[in-house]
S.K.: 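Can you read through this structure? Questions will come right after.
Letters A, B, ... mirror the listed sequences (proteins, then strands); counts begin at 1.
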Amino acid sequence: MADDKKLTTRAEDFSAWYNEVVLRAELADYSPVKGSMVIRPNGYGIWERMQRALDDMFKATGHQNAYFPLFIPESFLHKEAQHVEGFAPECAVVTHGGGKELEEPLIVRPTSETIIYHMYAKWVQSYRDLPILINQWANVVRWEMLTRLFLRTLEFLWQEGHTAHATHDEAEEEALRILGIYRDFAEQWMAMPVITGLKTESERFAGALRTYCIEAMMQDRKALQAGTSHNLGQNFAKAFDLQFQTESGEMAHAWNTSWGVSTRLVGGLVMTHGDDNGLRVPPRLAPIEVVIVPIWKSDDERGRLSEAAEQLRRELTEWTGRGNSDRLRVHVDAREGVKPGAKYYEWELRGVPLRLELGPRDIEKQSVFSARRDTRAKAAIARAGVAESVARILDAIQADMLTEAKARREAATIRSVSSYDEFRDIMAGDGAFVYAGWNGDPEVEARVKEETKATIRVIPDAEFRSTVPPAKCLITGQPARHEVVWAKAY
RNA sequence: CGGGACGUAGCGCAGUCCGGUAGCGCACCUGAAUGGGGUUCAGGGGGUCGCGGGUUCGAAUCCCGCCGUCCCGACCA
């Protein structure tokens, strides 16, 4: 309170820090309805970049977008037993419309499997109609009790892919293909390293055969489930009578997948990269990659310098070295009455990856002064060929942010825990991703959750597993069925 | 739904015990100077004190009722 310009630091109070960054960087704001939020232009701009990148990847793998309605007949939810059990408690239900009570209540979609497979059943007759590869960008509603900006709100934005295939293997291949896309997106765009793998039964999607996920570590060493891809088997096809005639003339139920990522990723971005000065956005997702701050003293200089800044902006945005469709995203901050230092703090808070300062001294030396947001390193760069230099710096920032995040995760990963007591100490302390053996018993998992708040985040894919697989279950000492990753989670 | 706290300007708060006609910081507006890391001075705008009732000459303050929010005990992208 001594200086309310400063953020609460991450070390002081990570949750308070997170809330302050989201609010003060103007990513989002609380709405009058408890548990729901407004996504402001700064936050929505990041989401739009995410959408574009993901959408391109979905299209490149043969998917098309469509839109299914918000309202679903309540009876649909009840057709798949596991599904209704999982989602009914958190559904918003519409009972009145047009001033009259409805004959059948409508639920506001918490996810769209039911309405979508109902429609697919109408559209599919023959194996020739398969596969169906559809994605939709939509809002969904889940009535949560404990909410947090971006991480858990009553309503959120996401994409949900829903596919139908002729065989189990095709569906499995699809679920894994999408998991790969999610991983690439997280690492190459968000600069957020993830662990891929399989969820245990207790964390599996309601109605799925198998749930795959990407799991990321936040700076407070808690895990964030950042995306899920489900092999639904024939569960929904059977519930919604989604059948087709095979090549040999028999009737068979289709095999489905569904998969999604949400605006929760924006929260993940903040908690992965933010520092005590605010947000840090990796260049590829930054709505503004470069901010130019012209510096002047006199009125005369103001005219000269803002013109020079404008010229610099034009040169940067007209540069096509990154391809015609991927121009540098540049903003000039020529506001009067705000001192340069105040502008620096503001753009740092908002996470703009690179700042260019342009003052009389730089003009004279035919250079511009640059400051990286990620490392806060400053350097003069030559005015000649500036666009290329800027693009190179942005690439370096993108790469360095991933490296830094990966190193942070590895530093908080423990593969050598030898007793349950030691495990409890870790979880009661700073926390970590703990790789350990597990006997496969859901009751053991439940007990550990009860006692330590930690859960099995993922049964990791081969590349993440330890070189020497654990032989015994950490908790029971029985033979291990899997090596799993334990952590406290959001 | 059970236990604790709070509701006063956009935000954060003081004032409430002990009634006297609303204040502080930040933000905002105007002007001047300032301008390479959060600028200063001067002037200014903005409040049904959560809502309703009561007591009183007079209520943010006392009394009653209601509403809402936040924190702690069953779910989750």
Side-chain angles (χ1 to χ4, degrees), chain A residues 1-7 15 19-20 23-24 29-30 32-35 85-91 109-112 138-148 150-161 182 199 202-206 208 211 213-216 223-230 258-268 277-278 293-302 305-306 333-349 355-365 367-371 376 378 380 449-450 455 457 489-490:
Chain A
M1 203 85 273
D3 186 358
D4 62 2
K5 283 174 178 170
K6 282 212 160 56
L7 291 165
S15 300
N19 287 332
E20 285 176 29
L23 294 171
R24 288 176 50 178
D29 201 356
Y30 294 105
V33 177
K34 177 178 156 55
E85 195 186 320
F87 282 103
E90 52 186 275
C91 280
R109 63 179 165 219
T111 180
S112 304
N139 59 337
V140 287
V141 168
R142 297 182 186 178
W143 215 266
E144 303 288 351
M145 295 300 155
L146 215 170
T147 58
R148 295 203 63 194
F150 284 113
L151 302 175
R152 176 157 301 119
T153 47
L154 295 195
E155 178 188 0
F156 57 93
L157 305 183
W158 75 346
Q159 58 71 213
E160 48 178 323
Y182 286 164
K199 282 293 189 190
S202 69
E203 300 264 332
R204 188 190 300 154
F205 177 75
T211 289
C213 67
I214 55 172
E215 208 65 35
L224 183 77
Q225 181 177 124
T228 49
S229 180
H230 317 291
S258 70
W259 27 276
V261 297
S262 73
T263 39
R264 172 179 248 201
L265 290 177
V266 178
N277 298 303
V293 179
I295 289 151
W296 56 69
K297 290 197 175 78
S298 61
D299 276 0
D300 174 54
E301 272 180 4
R302 184 167 70 231
L305 270 302
S306 38
D333 185 354
R335 284 175 298 170
E336 284 181 49
V338 183
K339 291 184 72 169
K343 292 179 182 176
Y344 302 165
Y345 279 99
E346 189 175 325
W347 293 111
E348 281 171 9
L349 174 65
R355 177 177 78 237
L356 297 179
E357 303 168 16
L358 192 62
R361 299 209 291 266
D362 305 297
I363 300 282
E364 204 174 307
K365 286 185 285 189
S367 65
V368 299
F369 199 71
S370 71
R376 309 192 93 210
K378 296 170 188 178
K449 180 177 184 181
E450 178 72 31
T455 51
R457 299 319 307 156
Y490 275 94

S.K.: Only pairs with both distances under 3.5 Å count, Watson-Crick or wobble alike; so what is the partner of B:A27 in this structure?
M.R.: none
S.K.: I'd like to know if A:Lys199 pairs up with A:Glu215 as an ion pair, taking the criterion as any Lys NZ or Arg NE/NH1/NH2 lying under 4.0 Å from an Asp or Glu carboxylate oxygen.
M.R.: yes
S.K.: Consider the side chain of A:Lys339, meaning its heavy atoms from C-beta on, and name the nucleotide among B:G36, B:G37, B:A77 that approaches it most closely.
M.R.: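 Of all the options, the side chain of A:Lys339 is nearest to B:G36.
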S.K.: Checking only heavy atoms, does the side chain of A:Glu346 share a donor-acceptor pair with the base of B:G37 at less than 3.5 Å?
M.R.: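 For A:Glu346, whose side chain was compared with the base of B:G37, there is no donor-acceptor pair (under 3.5 Å).
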S.K.: Taking the side chain of A:Arg302 as heavy atoms from C-beta outward, which of B:G35, B:C75, B:G36 is closest to it?
M.R.: B:G35
S.K.: What is the distance from CD of A:Glu336 to C1' of B:A33, rounded to the nearest Å?
M.R.: 14 Å
S.K.: Taking the C1' atom in each of B:A60 and B:G4, what is the distance between them to the nearest angstrom?
M.R.: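 Pairwise C1' distance, B:A60 against B:G4, rounds to 24 Å.
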S.K.: Determine whether a donor-acceptor pair (N or O, by modelled atom type, separation under 3.5 Å) exists between the side chain of A:Arg204 and the backbone of A:Thr211.
M.R.: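 Not at all, since once roles are kept as given, no pair shorter than 3.5 Å links the two residues.
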S.K.: Which part of the nucleic acid, if any, lies within reach of A:Gly337 when heavy atoms closer than 4.0 Å are counted: base, sugar-phosphate only, or nothing?
M.R.: base
S.K.: Has A:Lys343 got a side-chain atom pairing as donor or acceptor with A:Arg335's backbone, closer than 3.5 angstrom?
M.R.: yes
S.K.: If each of A:Glu203 and A:Val338 is mapped to the nucleotide of RNA chain B with the nearest heavy atom, which maps nearer the 5' terminus, i.e. the 5' end?
M.R.: A:Val338
S.K.: Taking 5.5 Å and 30° as the limits, would you call A:Tyr345 and the base of B:G38 a stacked pair?
M.R.: yes
S.K.: Using atom C1' in both nucleotides, what's the gap between B:U21 and B:G25 to the nearest angstrom?
M.R.: 24 Å
S.K.: Rounded to the nearest 0.5 Å, how far does CG of A:Leu358 lie from CD1 of A:Ile295?
M.R.: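 Output value for this atom pair is 7.5 Å.
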S.K.: Please report the distance, rounded to the nearest Å, between CG in A:Leu154 and P in B:C75.
M.R.: 18 Å
S.K.: Expressed in whole Å, how much space separates the P atoms belonging to B:C26 and B:U40?
M.R.: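 So the two P atoms sit 10 Å from each other.
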S.K.: Heavy atoms only, 4.0 Å cut-off, all strands: where does A:Leu265 land among base, sugar-phosphate and nothing?
M.R.: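 Nothing, no nucleic acid heavy atom in range.
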S.K.: Look at all strands and tell whether A:Pro89 reaches a base, only sugar-phosphate, or nothing, counting heavy atoms closer than 4.0 Å.
M.R.: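 No contact.
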S.K.: A:Glu90 near the nucleic acid: base, sugar-phosphate alone, or nothing, with a heavy-atom cut-off under 4.0 Å?
M.R.: sugar-phosphate
S.K.: With sugar-phosphate meaning primed atoms plus P, OP1 and OP2, does A:Arg355 contact a base, only sugar-phosphate, or nothing at under 4.0 Å between heavy atoms?
M.R.: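 The answer is base, as A:Arg355 lies within the cut-off (heavy atoms under 4.0 Å) of a base atom.
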S.K.: Starting at atom CZ of A:Arg148, determine the distance to atom P of B:C70, rounded to an integer number of angstrom.
M.R.: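 Rounded to whole Å, this separation is 14 Å.
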S.K.: With P as the reference atom in both, quote the distance from B:G19 to B:C63 in angstrom, rounded to an integer.
M.R.: 12 Å
S.K.: Taking atom C1' of B:G35 as reference, at what distance in whole Å does atom CZ of A:Arg361 sit?
M.R.: 12 Å
S.K.: In whole Å, what separates the P atom of B:C6 from that of B:G23?
M.R.: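 One P to the other, the span is 25 Å.
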S.K.: Please report, rounded to the nearest Å, how far the C1' atom of B:A77 is from the CZ atom of A:Arg457.
M.R.: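 Interatomic distance, CZ of A:Arg457 to C1' of B:A77: 11 Å.
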S.K.: Would you say the side-chain atoms of A:Tyr344 pair up with the backbone N or O of A:Lys339, donor to acceptor, closer than 3.5 Å?
M.R.: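 Not at all, since once roles are kept as given, no pair shorter than 3.5 Å links the two residues.
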S.K.: Using modelled atom types and a 3.5 Å cut-off, is there a donor and acceptor pairing between side-chain atoms of A:Arg264 and backbone atoms of A:Leu224?
M.R.: no
S.K.: Reckon A:Gly260 touches a base, only the sugar-phosphate, or nothing at all at heavy-atom distances under 4.0 Å?
M.R.: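 Nothing, no nucleic acid heavy atom in range.
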S.K.: Quickly work out the A:Tyr30 OH to B:G10 P distance and round it to whole Å.
M.R.: 19 Å
S.K.: Classify the side chain of A:Lys378 and the base of B:G36 as holding, or not holding, a donor-acceptor pair under 3.5 Å.
M.R.: no
S.K.: Has A:Glu90 got a side-chain atom pairing as donor or acceptor with A:Pro110's backbone, closer than 3.5 angstrom?
M.R.: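 Side chain of A:Glu90 to backbone of A:Pro110: no pair is present.
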S.K.: For the side chain of A:Tyr344, counting heavy atoms from C-beta on, which of B:G38, B:G37, B:G35 is nearest?
M.R.: B:G37
S.K.: With nearest nucleotide decided by heavy atoms, which residue, A:Glu348 or A:Ala226, maps closer to the 5′ end of RNA chain B?
M.R.: A:Glu348
S.K.: Choosing from B:G37, B:G36, B:A74, which nucleotide comes nearest the side chain of A:Met145?
M.R.: B:A74
S.K.: Select base, sugar-phosphate, or nothing to describe what A:Trp158 touches, counting heavy atoms under 4.0 Å on all strands.
M.R.: nothing
S.K.: Mind calculating the distance between NZ (A:Lys343) and C1' (B:G36) to the nearest angstrom?
M.R.: 12 Å
S.K.: Classify A:Phe369 by what it touches in the nucleic acid, base, sugar-phosphate, or nothing, heavy-atom distance under 4.0 Å.
M.R.: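 Since a base atom lies under 4.0 Å of A:Phe369, the category is base.
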S.K.: What is the separation between atom CD on A:Glu364 and atom C1' on B:G36, rounded to the nearest whole Å?
M.R.: 14 Å
S.K.: Could you give the distance separating B:C57 and B:C17 at their C1' atoms, to the nearest angstrom?
M.R.: 23 Å
S.K.: Taking atom C1' in both B:G46 and B:A9, what distance in whole Å separates the two?
M.R.: 6 Å
S.K.: Return the nucleotide paired to B:G45: Watson-Crick means purine N1 to pyrimidine N3 with N6-O4 or O6-N4, wobble means G-U with N1-O2 and O6-N3, both under 3.5 Å.
M.R.: none
S.K.: As an exercise, state the distance from CG of A:Asn277 to CZ of A:Arg376, rounded to the nearest 0.5 Å.
M.R.: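 Nearest 0.5 Å value for the CG-CZ distance: 4.0 Å.
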S.K.: With a 3.5 Å limit on both atom pairs, tell me what B:C57 is paired to, counting Watson-Crick and G-U wobble, or say none.
M.R.: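 Paired with B:C57, as far as the under-3.5 Å criterion goes, is B:G20.
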S.K.: Give none if B:A74 has no partner; otherwise give the nucleotide forming a Watson-Crick or G-U wobble pair with it, both distances under 3.5 Å.
M.R.: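 The base-pairing partner of B:A74, which may sit in any strand shown, does not exist here.
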S.K.: Do A:Phe156 and the base of B:A77 stack face to face, with centres under 5.5 Å apart and an angle between planes under 30°?
M.R.: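 Yes, A:Phe156 stacks on the base of B:A77.
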S.K.: How far, in whole Å, is B:C41 from B:G35 if one measures between their C1' atoms?
M.R.: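 Going atom to atom, C1' in each nucleotide, I get 16 Å.
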S.K.: Under 4.0 angstrom, heavy atoms only, what part of the nucleic acid is A:Ser258 near: base, sugar-phosphate, or nothing?
M.R.: nothing
S.K.: Just to be sure I understand the rule, does A:Glu357 reach a base, reach only the sugar-phosphate, or reach nothing, if contact means heavy atoms closer than 4.0 Å?
M.R.: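 Base contact.
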S.K.: Which listed nucleotide (B:G38, B:G35, B:A77) is nearest to the side chain of A:Lys6?
M.R.: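 The listed nucleotide nearest to A:Lys6's side chain is B:G38.
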S.K.: What is the ring orientation for A:Phe205 with A:His230, classed by angle as parallel under 30°, tilted 30 to 60°, or perpendicular over 60°?
M.R.: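 Rings of A:Phe205 and A:His230: parallel, as their planes differ by under 30°.
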